[in-house]
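Read the structure below first, then the notes.
Quick note on labels: first sequence line is chain A, next is B, and so on, each numbered from 1.
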Amino acid sequence: METRELIRLDNVSVRDGTRVRVEGISLSITRGQIVTLIGPNGSGKSTTAKVVTGVLQPTSGSVLRRPGLVIGYVPQKLAVDHTLPMSVLRLMQLTGRYPLPEVMAVLEAVGIADLARRDVQSLSGGQFQRALLARALVRNPDLLVLDEPVQGVDFSGETQIYELIGRIKHERDCGILLISHDLHVVMAETDTVVCLNKHVCCTGAPEQVMQSTEYLSLFGPQHGHGLALYNHHHDHEHLPDGRVAPDGHTHDHHGHHHA
Amino acid sequence: MATLTIITDTTMLDDFFVRAVLAGSMLALVAGPLGCFVVWRRMAYFGDTIAHAALLGVALALLFNLNITAGVFAVAVLVSLLLIVVQRRAGLSSDALLGILSHSTLAVGLVIVSFLTWVRVDLVGFLFGDILAVSKPDLLVIGMGGAVILFVLGWFWRPLLASTLSVELAEAEGQRPEVMRVVLMVLLALVIAIAMKLVGILLITSLLVIPAASARRLSASPEQMVLIAALLGVLAVWGGMGLSLNFNTPSGPSIVVGALVLFLISLIVPARLFGRDATDGDLSHD
């Protein structure tokens, strides 16, 4: 493995009895890189993610992991039972013990420091997703695995969370595996798109995948358009509480467009 | 105040009563924390099923002349493991499965007991408990069993809580939620085995669920909830035993009534009293 490589799957297959869940998957994630998995339902995105996190062992093929690899995970759906009293602060300590200043710094970074003492059940979809992201980050992970991180988040929240993920990639220099529920839109920050349908249909930079015949034949024609990049350019920024942030809060693009 | 009578007027307490209160308190200290997991993981019906299966354990222990507590524990563990396995294989919903196991184990237990003509079986004692009959060896068993349960809960606290919140998350970050599930089931079987003599098969789940549910509104963290549930359980035991002593009511049911009263009180106590600020969105900035 090269030095910045975190994990490499080589020709991995997972079978459940006779049922094939994924076959011949090869992919690699390095530091400072976002790999986005796209594919229809049942195409093996979650199975692939589980092989990466080590929850599932491949039936054949090999997985090379950097020794001591720390993974931070943001699950797809998480409903915290109302009978469980759980503040944001307590959630941060779920799988490990971290000093308060570190916890607060991470909450500050994802923009929900003021919600630290709130019960997680009282948060909005976007706030909760940020809390989950913060929880994964406080582990100081080498690799972040995000399973559909914008599910249940409204449109403006979605933009902000994608932006946050892009920032995490640059600031923390960790690898990110992102599973996307949307076949047609991937983050502009994505370095590699892996298009799955039990096997790897096509893989490469988003621009390449967008034009590949495999992608178009799988998802293109019937949907009328191909893969789009999610560029988040807008003329103002909302803070998590809905207020409009002061000018130049995080960036200075103007106009809204999602090319 | 019934509880006050117990504490101040020690001369009127016979030895068996002291033992009963002590046994009940020890049980409550354990049942409260474990009950929180039962509530969080929505396992109340599961707990009920294991408790009903305990009667099968009693019947088998009598049949083969074994220690009853050990028999109950063994059958409770077997039934929980059976549930895990069957749940994965069969296409039945776990609700229906629990319904089948819960009542069939109880029924089979009752049928076997009816065949045991050579032993006098105090069925009512097994169903509703007989806390006043607690002996010194019983106290030792309850104390040791309780200590084991608390120790294991404390030892696995973080992974237990993480797997309660999200199996996928715990799994992905290297914990073992299936193992935690088995740990909880064994603890549940153990608490049922030691509680049967005190409150009986039919009332055990109430000691698990009611104090935990009462603690919910008064707690701001899982740790607080576990502590408060333990304390409320002890209060329920004292109140119930006081009721039983003063009005000659059956002890096991009286304890459950005590727990119910505390639950009803918890519903009207303003949550703010306990420093919770989450419900009204009021944020503290410290």
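Contacts of A:R139 with chain B are made by side-chain atoms alone, with heavy-atom separations under 4.5 Å and no backbone atom involved. At a 4.5 Å heavy-atom cutoff, B:R41 makes no contact with chain A through either its backbone or its side chain. Residue A:L89: no heavy atom, backbone or side chain, is found under 4.5 Å from chain B. Looking at B:E171, the atoms closer than 4.5 Å to chain A (heavy atoms on both sides) sit in the backbone and in the side chain alike. Only the side chain of A:L78 has a heavy atom closer than 4.5 Å to any heavy atom of chain B. Contacts between A:Q93 and chain B at a heavy-atom distance below 4.5 Å involve backbone atoms as well as side-chain atoms.
In this structure, A:L84 CG and B:S221 OG are separated by 9.5 Å, a value rounded to the nearest 0.5 Å. Expressed to the nearest 0.5 Å, how far CG of A:L94 lies from CG of B:L169 amounts to 6.5 Å. In this structure, the separation between CZ on B:R216 and OG1 on A:T83 is 7.0 Å, given to the nearest 0.5 Å. The distance from the OG atom of B:S166 to the CD atom of A:Q76 is 11.0 Å, given to the nearest 0.5 Å. Here the straight-line distance linking atom CH2 of B:W40 with atom NE2 of A:H82 works out to 15.5 Å at 0.5 Å rounding.
Ranked by heavy-atom pairs under 4.5 Å with chain B, the list A:V74, A:V145, A:V55 is led by A:V55. Contacts with chain A were tallied for B:P222, B:P159, B:A162, B:C36; B:P222 has the most, counting heavy-atom pairs under 4.5 Å. Among A:V52, A:T95, A:L132, A:I71, the residue making the largest number of heavy-atom pairs under 4.5 Å with chain B is A:T95. In terms of non-hydrogen atom pairs under 4.5 Å with chain A, the most contact-rich of B:M225, B:E168, B:R42 is B:R42.
Open room surrounds CH2 on B:W155; 12 or fewer heavy atoms of other groups in view lie less than 6.0 Å from it. Few gaps surround CG on A:D16; more than 12 heavy atoms of other groups in view lie less than 6.0 Å from it. Remark: B:E178 CD is packed, more than 12 non-hydrogen atoms of other residues, nucleotides or ligands lying under 6.0 Å away. When the shell of 6.0 Å around CZ of A:R15 is examined, it contains more than 12 heavy atoms from other residues, nucleotides or ligands.
Ion pairing of A:R90 with B:E223 is present here, as a side-chain N (NZ or NE/NH1/NH2) and a carboxylate O approach within less than 4.0 Å.
Taking all atoms of both residues into account, the shortest heavy-atom contact from B:A220 to A:P85 is C-CB, 3.8 Å.
A heavy-atom distance below 4.5 Å is found between the side chains of A:M86 and B:L165.
With B:E173 contributing its side chain and A:G72 its backbone, the two residues share no donor-acceptor pair below 3.5 Å.
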